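Notes to accompany the following structure.
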Amino acid sequence: MNELLNRFPENPLLRPTDARPSRADMVVECLLNPGAFRYQGKTGLLLRVAERPQPEDGWISTPLLDPTSAGGIRILRIRKDDPDLKFTDPRIFSYKGRSYLTTLSHLRLAWSTDGVHFVVDPQPTLMGAGDHEAFGIEDCRVEFIAGRYWLTYSAVSAFGVGAGLISTTDWQTFTRHGMIFPPHNKDCALFPEKVAGQYRAFHRPSGLGIGGNFIWTSSSPDLLHWGDHRCLAITRPGQWDCERIGAGASPIPTDRGWLAIYHGANAKSRYCLGALLLDRTDPTRVLARSTDPIMEPVAEYEQTGFFGNVVFTNGHLLDGDTVTIYYGASDSVICGARGSIKAILATL
Ligand code: MAN
């Protein structure tokens with residue numbers, strides 16, 4: 001087993017049964033991909049809670065946010081033998097030529113005093129809002145910049161997947177800033193500080209045809225308006241990250257440059273973690289990149305679940321040389337692992 005990131009012996013830290021469904025007619029299918037932060041001496045995770053209606057034999061059904069329906073949710077219900085249904089991935093299906101997710105995700109807070117044992121809030125913290133989030137909100141990164149927590153997340157709807165921005169100071173009241181990167185875009189993470197006088201972000205536009213699922217970086221004067229878009233890293237044919245790559249949480253400032261943990265998947269959708277080292281004053285320059293993953297799905301809970309063979313991180317915390325990553329395993333459960341930043345840098 002890889003030694004760079006040591007898994008918590010308590011893994012999985014959180015399972016779907018640890019979160020109460022948002023409604024009596026829903027089931028929590030997955031708890032996954034948390035953003036991580038500290039607030040008032042506690043460790044906070046902003047979980048992705050993926051729900052679906054109670055399963056029914058012979059039917060596939062998925063919830064969609066719809067303010068005109070009772071309770072704000074409409075259930076799309078399709079017979080499994082309907083010839084217009086195409087179902088090849090547990091996460092997605094298509095019906096009459098349109099794509100849908102099998103689950104509806106919201107974001108929910110969980111709190112801990114030791115970073116290991118978390119108590120999940122009984123209610124959703126943030127639900128998708130408006131027609132650009134009708135299929136839910138997912139995979140939130142949290143960064144504290146200039147006195148506010150900034151939340152970047154995937155906003156999913158029939159119009160595509162884009163990156164949304166929300167901010168808060170107290171985790172009770174939230175300001176929505178709208179979509180900052182339009183579809184198709186996800187895996188948006190903010191740098192913790194300005195670089196050369198500008199805010200900076202990673203994001204992942206997907207090129208159809210020419211191009212691919214690559215990590216880009218952009219700069220902004222105000223966190224809302226983004227420009228100076230540059231492709232930072234691309235997939236590597238024949239390697240563990242040959243199919244798609246995307247940023248994890250914010251990059252870590254080190255004396256050798258910005259250390260960015262990213263996820264990479266191969267053609268079999270096996271998700272591993274790797275690292276990029278970027279120039280500290282010009283983060284559009286890649287100084288080094290992992291040859292081998294720094295973490296692979298090898299534990300049983302990382303190989304078996306809703307969507308197996310996945311380790312996916314979008315949240316970490318720093319304590320001196322130690323990075324604690326929180327991650328989704330098999331898109332089912334939430335886990336933790338800890339490693340030395342110097343040891344990761346030594347591989348680059
Ligand atoms: C995509 C996203 C993630 C998910 C992985 C693996 O990158 O939907 O939320 O964890 O796929 O399924």
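None of these values were measured; they are calculated from a predicted model. As the structure lists them, so they are numbered: ligands from 1, and atoms in each ligand from 1.
Contacts of Y199 classified as side chain to side chain donor-acceptor pair (under 3.5 Å), with partners at least two apart in sequence or in another chain: none. Applying the side chain to side chain donor-acceptor pair (under 3.5 Å) criterion to D84, with sequence neighbours excluded, gives no partner residue. Every residue two or more places apart in sequence or in another chain that forms a side chain to side chain donor-acceptor pair (under 3.5 Å) with T217 is listed here: R200.
Within 4.0 Å of ligand 1, the residues that place a heavy atom are N33, R48, R91, D139, K186, Y271, F307, F312, D331, listed by chain and number.
Using a 4.0 Å cut-off between a side-chain N of Lys or Arg and a carboxylate O of Asp or Glu, E193 and R280 qualify as a salt bridge.
Tested against Y153, the residues L46, I137, L165 include a single side-chain contact (heavy atoms from CB on, under 4.5 Å) partner, I137.
Judged purely by distance below 3.5 Å, without hydrogens or angles, the side chains of R338 and T322 never pair a donor atom with an acceptor atom.
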